[in-house]
Amino acid sequence: MVSARLALKANTEKFYMQEKLEANLSWNDIRSALRGSYPNRQRADAPAYSLENDLKYIRRAGSRSLTLTSYLKYLARSQSLEVLRDTGLQRQEISDRGFYMNHNAAFGTQAGRFAFAFKGGVAALFRTLDTDLSGTGLSLPTANDLSTGYAGAYLQPGITYRAPRLRLTLDLPAGYRRYRLHDRIARTQSPAGLFTWKPRLAAKWSPSGRLSLSASGTIGRDAADERTGTGTGAILQDYRSIVCGVGEYLQALQRSLSAGITYKNPISGFFANLLVLCSWNDRPLLPTQQFDGDYIVYGSERRTNRVRTWYFSGDASQNIDALNGQAGVSVSYNRSDMEMLQEQVPTPYQTSTLTVAPRFNFRFAAWINTEYRLAYRYTTLAIRRRSPDARHHFDQRLTVNVIPAKQWIIQLTGEHYYSQLSARQGKHLLLADASLRWKANAKWEITAAVTNLLGRNEYAYTLFDGVSSGSYRFAIRPRNVLLGASRRF
C-alpha cells in the first residue's frame with residue numbers, strides 16, 4: 001500500500017481552517033488452497049485507488065459560530081478472481097467506481113440557557129458497477145452492468161436547554177434524496193424519491209459533580225436500506241457463497257431507547273459507567289438463503305420483518321497508588337432476534353455475545369512497568385427447533401517494559417489466543433515478541449525486534465454468519481528479525 005497526505009492548518013482567534021488531501025493506492029495479490037468437502041485453489045488480484053479531500057472552516061464571533069465543511073472522495077476498486085475446483089474453473093471480474101460528496105454549513109448561537117444549532121447541506125453519490133461471473137452453472141443471472149446513486153439535501157436543526165444540573169436536547173433532522181438505478185442489462189431505470197426524518201430527544205441529569213444519569217430516544221426513517229439499490233446479478237463472495245442484491249430503494253423504520261449512568265471520583269481514582277440500549281427496526285427486506293447446486297445463495301425478499309436488539313455495557317476502573325497503576329474491567333452483552341428464509345421456510349434465530357475484559361497496568365519501580373489485558377467472548381447462535389450452538393474465545397496480552405538505563409528500553413510481549421472450533425475441539429496459540437530500543441541522542445533512535453519468537457505457523461478461529469458458522473485456519477508470518485532507525489527533524 002502506498003499513500004500520500006497533504007495537510008494544511010490555520011488556527012487564529014477568529015477562525016480555524018483545516019485542509020486535508022489524501023491519495024491511497026493498494027493492491028492485494030491473494031493465493032490460497034482449501035481442503036475439505038469442497039477442495040479448491042483460489043487466485044485473486046484486487047487493486048484499489050482512492051482520492052479524498054476534506055475541508056473544514058470555523059468562524060467564531062462571541063457566542064456564535066459558523067462551520068463550513070466540504071468532503072469529496074473518489075474510489076475505484078476492481079477484482080479478478082479464479083477458483084479452481086474438481087468441477088471446473090470459475091472466473092469473476094468486478095469493476096466498482098464511486099464518487100461521493102457532502103457539503104454543509106452549520107450555525108450555532110446561544111440565548112440565555114438555550115443553545116441553538118442549525119446544520120444544512122447537500123450530499124450525492126454516483127456509482128458504477130460491472131460484474132461478470134462464469135463457470136458456476138447457476139440458474140441465476142451472473143452479470144451486473146449498472147449506474148446507481150442519489151442526490152439530496154438535508155437540514156439538522158437542534159435546540160439544547162442547559163441548567164446547572166439538567167440538560168435537555170432535541171434534534172430534528174430531515175432530508176430528501178432522489179435515487180436512481182439504471183440497469184443496462186435489464187434495460188430498466190428505477191428512480192425513487194425518499195424523505196428521511198429521525199428526531200432524537202435526550203436528557204442528562206447531574207445530581208452531583210460525581211454522578212450523572214442520561215436517557216435518549218429516537219424514531220424515524222433514515223437513508224435507503226444498504227441492501228437495496230444494488231444489482232440483482234450473482235456476485236461470488238467466496239468459493240461457495242453467492243450474494244444477490246435488490247433493484248429498488250426501500251427504507252427501514254428505526255426506533256431506539258437508551259439509558260446510562262456515570263460515576264467518577266477523581267480523588268479516590270474510581271470511575272464507572274453503565275449503558276443499556278434497546279432498538280426495534282422494521283426492515284423492508286427479509287434475508288433469504290437457499291442452495292443452487294453446490295452454492296449457498298444469499299438474497300432478500302420484500303417482506304417487512306422486525307429486528308430486536310438489546311445491548312448492555314459497563315466499565316469500572318480503580319487507581320492503585322501503591323503500585324502506581326490502575327485496574328479495571330469492561331463487560332458488554334449484545335442480543336439480536338431476527339428472521340430469515342431458509343429454502344423458503346421462515347426461520348427465526350437469535351444471536352448473542354457476552355464479552356468480559358479485565359485489565360491492569362502497574363509500575364512496580366522506576367525501571368519496570370507492566371500492562372495486562374484479557375478479552376473473553378461467549379457467542380451463541382440459537383435457531384428455533386434446534387439445539388443452540390455456542391463458542392468460547394479469549395485472548396490475553398502481557399507487556400513488560402524494562403528500562404535498565406535512560407537510553408535503553410527493552411520490551412517483552414506475550415500473547416495467548418484460544419478459539420473453540422467445535423463442541424469438543426479448541427485451538428490454543430501462544431506468541432512472543434521482543435524488542436530493544438536505543439536512543440542515541442535527541443534526534444536518532446535505533447531499534448531491533450524479533451517477532452514470533454516461538455515460531456508458530458497457524459491460527460484458527462470460528463465465525464457466525466447469519467444462521468451458518470464456519471471455522472478458518474490461517475498461516476502466520478514466521479519468525480522475523482527487524483532492524484530500524486529513525487531521525488527527528
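Residue numbers count from 1 along this sequence. FYI, side chains are in, hydrogens and waters are out, and symmetry mates aren't considered; it's all heavy atoms of this structure.
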Problem - For D222 against Q251, the heavy-atom pair lying closest together - result: O-NE2, 2.7 Å

Exercise for the section: Kindly check if the number of other-residue, nucleotide or ligand heavy atoms within 6.0 Å of CH2 (W310) is above 12? Expected result: no

Exercise for the section: Decide yes or no on side-chain hydrogen bond (donor to acceptor under 3.5 Å, both in side chains) for T351 and S336, but give the supporting numbers first. Expected result: CA-CA 5 Å; T351 62; S336 296; 4.5 Å; no

Handout entry: Residue pairs passing the ring-ring contact (aromatic ring centres under 6.0 Å, His included) test where at least one lies in residues 176-195, sequence neighbours excluded
Key = Y150-Y179, Y176-F195, Y179-Y249

Handout entry: Atom pair CH2 (W27) and OH (Y49), whose distance is rounded to the nearest 0.5 Å
Key = 9.5 Å

Completion exercise
By side-chain hydrogen bond (donor to acceptor under 3.5 Å, both in side chains), T355 pairs with (sequence neighbours left out) none

Fill in the blank from the handout: By side-chain hydrogen bond (donor to acceptor under 3.5 Å, both in side chains), Q156 pairs with (sequence neighbours left out) none

Problem - Sole residue of T380, D337, L381 in side chain to side chain contact (heavy atoms under 4.5 Å, CB included) with Q350 - result: D337

Problem - Where at least one partner belongs to residues 341-361, residue pairs that pass salt bridge (charged side-chain N to carboxylate O under 4.0 Å, His left out), sequence neighbours excluded - result: D315-R359

Practice task
Could you tell me how the ring of H428 sits relative to the ring of H416: parallel (under 30°), tilted (30 to 60°) or perpendicular (over 60°)?
Solution key: parallel

Distance-only criterion, 3.5 Å: show the donor-acceptor pairs between side-chain atoms of residues 131-138 and protein atoms not counting sequence neighbours.
unit_1: T131; atom_1: OG1; unit_2: N144; atom_2: N; d: 3.2
unit_1: T131; atom_1: OG1; unit_2: N144; atom_2: ND2; d: 2.9
unit_1: T136; atom_1: OG1; unit_2: L138; atom_2: N; d: 3.4

Problem - Working for side-chain hydrogen bond (donor to acceptor under 3.5 Å, both in side chains), residues T399 and R373 - result: CA-CA 9 Å; T399 302; R373 290 181 176 271; over 6 Å; no

Handout entry: Any donor-acceptor pair under 3.5 Å from H393 side chain to Y418 backbone
Key = yes

Fill in the blank from the handout: Hits for side-chain hydrogen bond (donor to acceptor under 3.5 Å, both in side chains) against N281, two or more places apart or cross-chain, chain-then-number order -> none

Handout entry: Residues which pass side-chain contact (heavy atoms from CB on, under 4.5 Å) with P191, listed by chain and number, not counting sequence neighbours
Key = R178

Practice task
Take V329 and V356, measure what side chain to side chain contact (heavy atoms under 4.5 Å, CB included) needs, and give me the verdict at the end.
Solution key: CA-CA 7 Å; V329 61; V356 181; 4.3 Å; yes

Problem - Polar side-chain atom of T379 near backbone of R377 as donor-acceptor pair, under 3.5 Å - result: no

Practice task
Apply ring-ring contact (aromatic ring centres under 6.0 Å, His included) to Y154 and list each qualifying residue two or more places apart in sequence or on a separate chain.
Solution key: none

Problem - Minimum-distance pair of heavy atoms, taken over all atoms of C244 and L140 - result: SG-CD1, 3.9 Å

Handout entry: Any pair counted as salt bridge (charged side-chain N to carboxylate O under 4.0 Å, His left out), so long as it reaches residues 89-103, sequence neighbours left out
Key = R77-D96, E82-R91, D96-R127

Completion exercise
On a heavy-atom basis, the closest approach of L285 and S300 is CB-CB, 4.0 Å

Handout entry: Stepwise side chain to side chain contact (heavy atoms under 4.5 Å, CB included) test for L25 and S3
Key = CA-CA 6 Å; L25 167 62; S3 62; over 6 Å; no

Completion exercise
Sorted by chain and number, sequence neighbours left out, side-chain hydrogen bond (donor to acceptor under 3.5 Å, both in side chains) with Q189 holds for none

Exercise for the section: Check step by step if ring-ring contact (aromatic ring centres under 6.0 Å, His included) holds for Y333 and F312. Expected result: CA-CA 5 Å; Y333 177 75; F312 162 87; 8.0 Å; no

Problem - Nearest heavy atoms of D130 and L146, plus distance in Å - result: OD1-N, 4.3 Å

Practice task
Check for a donor-acceptor pair, side chain of T196 on one end and backbone N or O of G175 on the other, with a separation under 3.5 Å.
Solution key: yes

Practice task
Test R240 against D238 for salt bridge (charged side-chain N to carboxylate O under 4.0 Å, His left out), laying out the working first.
Solution key: CA-CA 6 Å; R240 67 178 305 226; D238 56 39; over 6 Å; no

Exercise for the section: Please indicate whether R255 has more than 12 foreign heavy atoms, meaning atoms of other residues, nucleotides or ligands, lying under 6.0 Å from its CZ. Expected result: yes

Practice task
Give every residue pair that meets the salt bridge (charged side-chain N to carboxylate O under 4.0 Å, His left out) criterion with at least one member in residues 36-58, sequence neighbours excluded.
Solution key: R31-D45

Exercise for the section: Report the C-alpha distance between L8 and Q18 in whole Å, list the side-chain angles of each, state the deciding distance to 0.1 Å, and finish with yes or no for side chain to side chain contact (heavy atoms under 4.5 Å, CB included). Expected result: CA-CA 6 Å; L8 301 175; Q18 179 175 275; over 6 Å; no

Exercise for the section: Could you tell me the separation between the CD atom of Q237 and the CD1 atom of I296, rounded to the nearest 0.5 Å? Expected result: 11.0 Å

Problem - Gap between atom CZ of R479 and atom CG of L454 - 0.5 Å precision - result: 7.5 Å

Exercise for the section: Give the minimum heavy-atom separation between D171 and G158, together with the two atoms involved. Expected result: OD1-CA, 3.7 Å

Handout entry: D395 and R397 ion-paired at < 4.0 Å
Key = no

Practice task
Check for a donor-acceptor pair, side chain of Q92 on one end and backbone N or O of L236 on the other, with a separation under 3.5 Å.
Solution key: yes

Completion exercise
Smallest heavy-atom separation, S139 atom then D292 atom, equals OG-OD2, 2.8 Å

Completion exercise
CG of L181 to OG of S190, rounded to nearest 0.5 Å, is 5.0 Å

Practice task
Report the C-alpha distance between Q289 and L341 in whole Å, list the side-chain angles of each, state the deciding distance to 0.1 Å, and finish with yes or no for side chain to side chain contact (heavy atoms under 4.5 Å, CB included).
Solution key: CA-CA 6 Å; Q289 176 183 304; L341 287 179; over 6 Å; no

Problem - Positive for side chain to side chain contact (heavy atoms under 4.5 Å, CB included) with Y239, one of D294, L84, V83 - result: V83

Handout entry: Within 45° cone and under 6.0 Å: R85 NZ/CZ vs Y295 ring
Key = yes

Handout entry: Under 3.5 Å side-chain donor-acceptor pair for S216 and S258
Key = yes

Problem - Aromatic ring proximity, centroids under 6.0 angstrom, Y372 and F360 - result: yes

Exercise for the section: Can you sort out the partners of Y57 under ring-ring contact (aromatic ring centres under 6.0 Å, His included), two or more places apart, ordered by chain and number? Expected result: F15

